[in-house]
Amino acid sequence: MPSSPRVFLVRHGETEWSLNGKHTGRTDIPLTANGEKRVRATGKALVGNDRLIVPGKLSHIYVSPRKRAQRTFELLNLGISDPLPWKAHGDPSSDGLACNARIEITEDAREWDYGDYEGITSPEIRKIRAEQGLEITWDIWRDGCPGGESPEQVTERLDRLIADIREKWHRPVMSGTGTASGSGDVLIVAHGHILRAFAMRWAGKTLQDGPTFLLEAGGIGTLSYEHHSIDEPAILLGGAFVVDIAEKGV
């Protein structure tokens, strides 16, 4: 049986706000120096012709419009033949293995809009809610964010992205009717909450089912299908990795 196409979920590297637990949605902040080092290490370990992500097998790449996600993509050890659809945020990864997949910037992959909770931590959110006379047992998966997005709004745009992936890149490969290059593998470079929500929707779970999946900053997760059937989406538990590096002075 042929291998089923996959979706690789790449969470952007560490930022000062992710390091401190601040909710980062619309705010465009750079990766930390350590975040860049970790992403480079992850790219070298997991991207290559004999590794998890084979550049020549990628059919399409979706990237969030936020520069922290775009910079993460630049560091992933992929050599893109076409110009980047954004002005580079720094030097690219040094090896640059050949990849002919097209890069698409999509708002559907941007982080959850945290609204009034942008830039603050979960303990601070609970304190604010207590002062407002609201329940302090706030859960983004159930309650969403005032002034930002609800779980229903996030679900709508993620379902749209999933449908785009399955109809354009996966179904043609799995049915043998497509002419697209590559194996149907798709790469998404985005953010923590939205990628966790994406995985839940991929598996047919509602966001209210809870934060079932975790993905560390700079980590990679893998989704695919069981029985080579587009009607049986699955999580590849053996295909979620994050590469660590030794800190200076340790």
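Fair warning: this is a prediction, and the values are worked out from it, not measured in the lab. For reference, positions follow the sequence shown, starting with 1. Side chains included, hydrogens not; waters and symmetry mates left out as well; all remaining heavy atoms used.
- At distances below 3.5 Å, not a single donor-acceptor pair connects side-chain atoms of R201 with backbone N or O atoms of V154.
- Here the side chains of H23 and E111 are not in contact, with every heavy-atom distance at 4.5 Å or above.
- Looking only at atom types and distance, the side chain of Y62 has no donor-acceptor partner in the side chain of D108 under 3.5 Å away.
- Contact check for L78 versus L58: side-chain heavy atoms found under the 4.5 Å cut-off.
- Residues H227 and Y225 keep their aromatic ring centres 6.0 Å or farther apart.
- Looking at V7 and H170, their side chains come closer than 4.5 Å, going by heavy atoms from C-beta outward.
- Considering every non-hydrogen atom in both S18 and R11, the closest pair reads CB-NH2, 4.3 Å.
- Side-chain atoms of W112 come within 3.5 Å of backbone N or O of E149 as a donor-acceptor pair.
- With P55 as the partner, the side chain to side chain contact (heavy atoms under 4.5 Å, CB included) test is satisfied by one option alone out of I80, D185, N49: N49.
- Note on ring orientation: taking the six-membered ring where Trp is involved, the planes of W202 and F198 are parallel (angle under 30°, cut-offs 30° and 60°).
- A salt bridge is defined here as a Lys NZ or Arg NE, NH1 or NH2 lying under 4.0 Å from an Asp or Glu carboxylate O, and E74 with R71 meets this definition.
- Using a 4.5 Å heavy-atom cutoff, the side chains of L187 and F73 are in contact.
- Between D28 and R66 there is no salt bridge, since no side-chain N of the basic residue sits under 4.0 Å from a carboxylate O of the acidic one.
- In this structure the side chain of I194 reaches within 4.5 angstrom of the side chain of L158, judged on heavy atoms.
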